Amino acid sequence: MAKAPQIAIVGAGIFVRTQYIPRLSEISDLVSLKAIWSRSEESARGAVEIAQKFFPGVECKWGDKGFDEIVQDNSILGVAVVLAGQAQVDFSLRLLKAGKHVLQEKPAAASTSELEAALAGYNSISVNVPSKPIWAVAENYRFEPAFVESKKLVAEVGDMMSVQVIIEGSMNSSNPYFSSSWRRNFSGGFILDMGVHFVAGMRMLVGSEVVSVSAATSHVDKTLPPPDNISSLFQLENGCSGVFVVVVSSSSPKILWRVVGLKGTLQVERGKHDGQHGYLVSFYGADGQSKSTFYRFSGVTEEFKSFIHDISQASVKGGVHVAEPRMSFVEGARDVAVLEAMLESGAKQGAPVHVKKF
Ligand SMILES: *[C@@H]1O[C@H](CO)[C@@H](O)[C@H](O)[C@H]1NC(C)=O
Ligand SMILES: *[C@@H]1O[C@H](CO)[C@@H](O)[C@H](O)[C@H]1NC(C)=O
Ligand SMILES: CC(=O)N[C@H]1CO[C@H](CO)[C@@H](O)[C@@H]1O
């Protein structure tokens, strides 16, 4: 059997400690974690201590020197970039230019202008490797079994009449990300960072792109960065319209997508079953019958497996290998473009805004 590919993680924050390391440890037969990098030694050490239990040889890297060592280490095939949203594109491009495959956390970038610059930078890369390195964006919702199954079911609703995305989040002081300084310093606040997930889920369900939006935004909870809620109308390419509502912090959280058609309605709702978090997928038929299935969360693991498969194949087959389209940078860019249009419309008191195409 071929040796498991070696990867590094650039970043050592909450998501690395609570998701990347535990989920990678569950698939340690498929991947080997060679190094963890952070700007500061202390932060890198903290994450390395957690990872050592599962990846005994994991190296601790920090600062400019540590980053260069990762860049120059030819045994590292891919790098996960899990940094502040404002810094990710810059780090990703530096790694890609050095020939590393990159799995970058969402959001793909902070704005459409940054997305355009990022894509131009990526397209200009010509490194001495068999093929261009893969730039994947980690958007676990596209890998959640609930969305994968719902995408198959959605044809059964018939002609689409309405789409509803209702998100009432729980971003209060009990949430580990509440104090995250980069999220507070993001234009669009938590709505952009959280919202890309909900847009990704919606785009996957309907299989059609958002053409234009109109939105109202407001800032009510002053402990949160503005805006903290948004109510948007959107128009899909397939002619159907819908509503997209996000309240960043509510006292009764709810996370729901509904696609209403002539022959039935499909609903995906976040919930818990036997102590496990996941989604309840329900189909309500025109005949009055309904069926529901619960799917546990496993999107983060699935996206890791997909990236590891892609980088292994790319190193064997070179440019012939077609990388998983659900992880492409362009998919991540489309999620950001929808939210940016909604935020822009909100700032213009609901004026219609076209979504930038990627
Ligand atoms: C916030 O963003 C501004 C402008 O992008 C930057 O100058 C500043 O350093 C950032 N602050 C933090 C805490 O990230
Ligand atoms: C934050 O929201 C959660 C979920 O609604 C709730 O259980 C918790 O008590 C809230 N914490 C605060 C400090 O309001
Ligand atoms: C635009 C919008 O939806 N604003 C609402 C934000 O949330 C507060 C509190 O629930 C409402 O009062 C606003 O109308």
Side-chain angles (χ1 to χ4, degrees), residues 11-23 46 50 82 84-85 105-107 138-147 150 163-202 204-205 215-232 242-258 267-282 292-301 335 339 342-343 346:
I14 306 169
F15 202 62
V16 167
R17 294 169 192 225
T18 62
Q19 286 294 323
Y20 271 72
I21 296 171
R23 300 291 83 77
I50 300 169
V82 196
E105 256 311 310
K106 47 66 56 175
E139 172 43 74
N140 54 306
Y141 281 43
R142 281 190 264 276
F143 288 82
E144 288 297 345
F147 284 93
S150 297
V163 181
Q164 295 148 37
V165 184
I166 308 294
I167 311 295
E168 295 164 38
S170 54
M171 187 51 73
N172 59 33
S173 56
S174 309
N175 190 298
Y177 299 101
F178 182 78
S179 307
S180 159
S181 58
W182 72 260
R183 288 178 177 84
R184 292 181 165 269
N185 203 19
F186 225 33
S187 109
F190 284 105
I191 288 190
L192 182 61
D193 179 52
M194 294 162 51
V196 286
H197 284 312
F198 311 130
V199 171
M202 188 270 283
M204 178 150 175
L205 275 185
T217 49
S218 67
H219 191 200
V220 179
D221 184 342
K222 295 290 166 17
T223 67
L224 294 165
D228 66 328
N229 55 46
I230 186 162
S231 299
S232 180
V243 294
F244 179 92
V245 174
V246 176
V247 175
V248 173
S249 180
S250 84
S251 52
S252 53
K254 187 169 197 69
I255 296 193
L256 173 88
W257 294 256
R258 267 168 88 86
Q267 175 174 300
V268 182
E269 183 169 18
R270 182 103 132 232
K272 235 173 140 177
H273 186 73
D274 289 340
Q276 304 270 11
H277 288 275
Y279 298 97
L280 186 66
V281 175
S282 307
S292 294
T293 311
F294 184 81
Y295 297 91
R296 293 172 47 186
F297 286 149
S298 69
V300 173
T301 306
D335 298 332
L339 279 159
M342 287 175 178
L343 291 163

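Everything numeric here is computed off the predicted structure, so don't read it as measured data. Just so you know, ligand 1 is whichever comes first in the structure, and atom 1 is the first atom listed for that ligand.
Interface atoms of ligand 2 facing Asn172, defined by a heavy-atom separation under 4.0 Å, are 1 (C), 2 (O), 3 (C), 8 (C), 10 (C), 11 (N), 12 (C), 14 (O). Taking every heavy atom of Pro253 and a limit of under 4.0 angstrom, the matching atoms of ligand 2 come to 4 (C), 5 (O).
In this structure the side chain of Glu105 reaches within 4.5 angstrom of the side chain of Phe15, judged on heavy atoms.
There is a protein heavy atom closer than 4.0 angstrom to atom 2 (O) of ligand 2. Atom 14 (O) of ligand 2 lies below 4.0 Å from at least one non-hydrogen atom of the protein.
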Between Glu269 and Arg258, is the salt bridge (charged side-chain N to carboxylate O under 4.0 Å, His left out) condition met? List the steps.
CA-CA 9 Å; Glu269 183 169 18; Arg258 267 168 88 86; over 6 Å; no

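Contact record, Leu224 with His219: O-NE2, 2.7 Å, taken as the closest heavy-atom pair.
Atom 4 (C) of ligand 2 has its nearest heavy-atom neighbour, among Ser249, Ser251, Ser170, in Ser170.
When ring centroids are compared, Phe147 and Tyr279 come within the 6.0 Å threshold.
At under 3.5 Å, a nitrogen or oxygen of Ser174, whether backbone or side chain, sits near a nitrogen or oxygen of ligand 2. Taking only nitrogen or oxygen atoms, main chain and side chain alike, Ser173 does not reach within less than 3.5 Å of ligand 2.
Figure legend: cation-pi geometry between Arg184 and Phe178, with NZ or CZ positioned under 6.0 Å from the six-membered ring centre and within 45° of its axis.
With hydrogens and angles disregarded, no donor-acceptor distance shorter than 3.5 Å links the side chain of Asp274 to the backbone of Gln276.
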